[in-house]
Number of protein chains: 2
Amino acid sequence: MVVLELSDHDVNRIFRALADATRRDIVRRTLVADVSVSQLAASYEMSFAAVQKHVAVLEDARLVTKEPRGRERMVRGNLDRIRQAQHLLDHFEELWRSRIDRLDILLAEGDPAPSDT
Amino acid sequence: MVVLELSDHDVNRIFRALADATRRDIVRRTLVADVSVSQLAASYEMSFAAVQKHVAVLEDARLVTKEPRGRERMVRGNLDRIRQAQHLLDHFEELWRSRIDRLDILLAEGDPAPSDT
DNA sequence: TTCTAATACAACCATTTGTTTGTACGATAT
DNA sequence: ATATCGTACAAACAAATGGTTGTATTAGAA
């Protein structure tokens, strides 16, 4: 498993890219099969350029890659990046468990109600 | 396990809320222990009102809840919502698997290269 | 009661996003 | 060679976001 460190900025871009229904749909479609930008554009009620920009946002977040094929650009979903996002969320779960652990310890020690200073 | 359906708009708000380092830090801290808004505000190099707005974004996404305690508002991270986000990402993984399955089937059937019409 | 701490909320401003239209350019087909 | 298809990219613009300051309200302290 590759545990490369993601900067705050990277994480920002990943989650921001996922915060749009059209972009999530593009990721879904390009995970299932390679699709050209024009094929994607034909699917949504917006201009070609708008779809192009959504793809660019996803590419910037590395959630998809683009590969030239003839005069088309085939878009391919990048599952590794999705998994990295999942690992980020896993970390939240770990923190939450640490809270439970700490509570358990406090209770076991007789809850001395420490003053905050 | 509660599998309540999330609207596109709900999902947008969840991911958008997570697309900011300060907000992710607030979620982390409030998953580990309850923290008041003023305690949070003291931690960041921005105004109280700015932190208040970040908390409001998280609350709107239901990633945290606020509970009055005396004159303070204690902020508490909502792990369930994090888990819902994870389930959304799980779904992408399933789609990707379906692609592999379909490729396997095509290869097994001799790849007839169907026309798109 | 009076003062203060914690919060809520509105108004405002700069920057970013999401979208459009228009122009340009490389690859393919005629 | 010319036309056309798929794409890239810039300019423009409305709307949303992230931040500020200022004012009001409420709960606890003196």
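Sequence lines set the chain letters: A, B, ... in the order given, protein chains first and strands last, and positions in each chain run from 1.
- Heavy-atom contacts from other residues, nucleotides or ligands closer than 6.0 Å to CZ of B:Arg29 number more than 12.
- Between B:Arg24 and A:Asp8 the shortest heavy-atom distance is NH2-O, 3.3 Å.
- Taking atom CG of residue A:Asp20 and atom C1' of nucleotide C:dT16, one finds them 14 Å apart after rounding to whole Å.
- Applying a 4.0 Å cut-off to non-hydrogen atoms, the residues of residues 60-72 of chain B that approach DNA chain C are B:Lys66, B:Arg71, B:Glu72, listed by residue number.
- Neither OP1 nor OP2 of C:dT19 sits under 4.0 Å from any side-chain N or O of A:Ser47.
- Computed from coordinates, the A:Phe48 CZ to C:dT20 P distance equals 13 Å when rounded to whole Å.
- When each of A:Glu45 and B:Arg73 is assigned the nucleotide of DNA chain C bearing its nearest heavy atom, the one mapping closer to the 5' terminus is B:Arg73.
- If you check D:dC9, C:dC9, C:dT19 against the side chain of B:Ala49, the one that comes closest is C:dC9.
- Between the NE2 atom of B:His9 and the C1' atom of D:dA16 there is a distance of 11 Å, rounded to whole Å.
- Each of D:dG18, C:dT19, C:dT7 was ranked by its minimum atom distance to the side chain of A:His54; first place goes to C:dT19.
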Step-by-step side-chain contact (heavy atoms from CB on, under 4.5 Å) determination, B:Thr65 to B:Glu59: CA-CA 6 Å; B:Thr65 57; B:Glu59 197 181 11; 6.0 Å; no

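- Proximity of a side-chain donor or acceptor of B:Arg73 to a complementary backbone N or O of B:Val37 within less than 3.5 Å is not detected.
- Taking atom CE on A:Met46 and atom C1' on C:dT21, their separation rounds to 16 Å, with Å as the unit.
- A donor-acceptor contact under 3.5 angstrom links the side-chain atoms of A:Lys53 to the base of C:dT19.
- A:Leu40 has its CG atom 16 Å from the C1' atom of D:dC5, to the nearest Å.
- We find that CZ of B:Arg16 is positioned 10 Å from C1' of C:dG18, with the value rounded to whole Å.
- To the nearest 0.5 Å, the span separating CD1 on A:Ile14 from CD1 on A:Ile82 amounts to 9.0 Å.
- The nearest whole Å value for the distance from the CZ atom in A:Phe15 to the P atom in C:dT17 is 16 Å.
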Could you go through A:Asp25 and A:Thr22, starting from their C-alpha distance and side-chain angles, then the distance that decides it, and tell me whether this counts as side chain to side chain donor-acceptor pair (under 3.5 Å)? CA-CA 5 Å; A:Asp25 197 61; A:Thr22 299; over 6 Å; no

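- Checking the phosphate oxygens (OP1, OP2) of C:dA6, no side-chain nitrogen or oxygen of B:Ser36 falls inside 4.0 Å.
- A 6.0 Å sphere centred on CZ of A:Arg83 holds more than 12 heavy atoms belonging to other residues, nucleotides or ligands.
- Nucleotide D:dT21 holds its C1' atom 13 Å from the CD atom of B:Gln52, rounded to whole Å.
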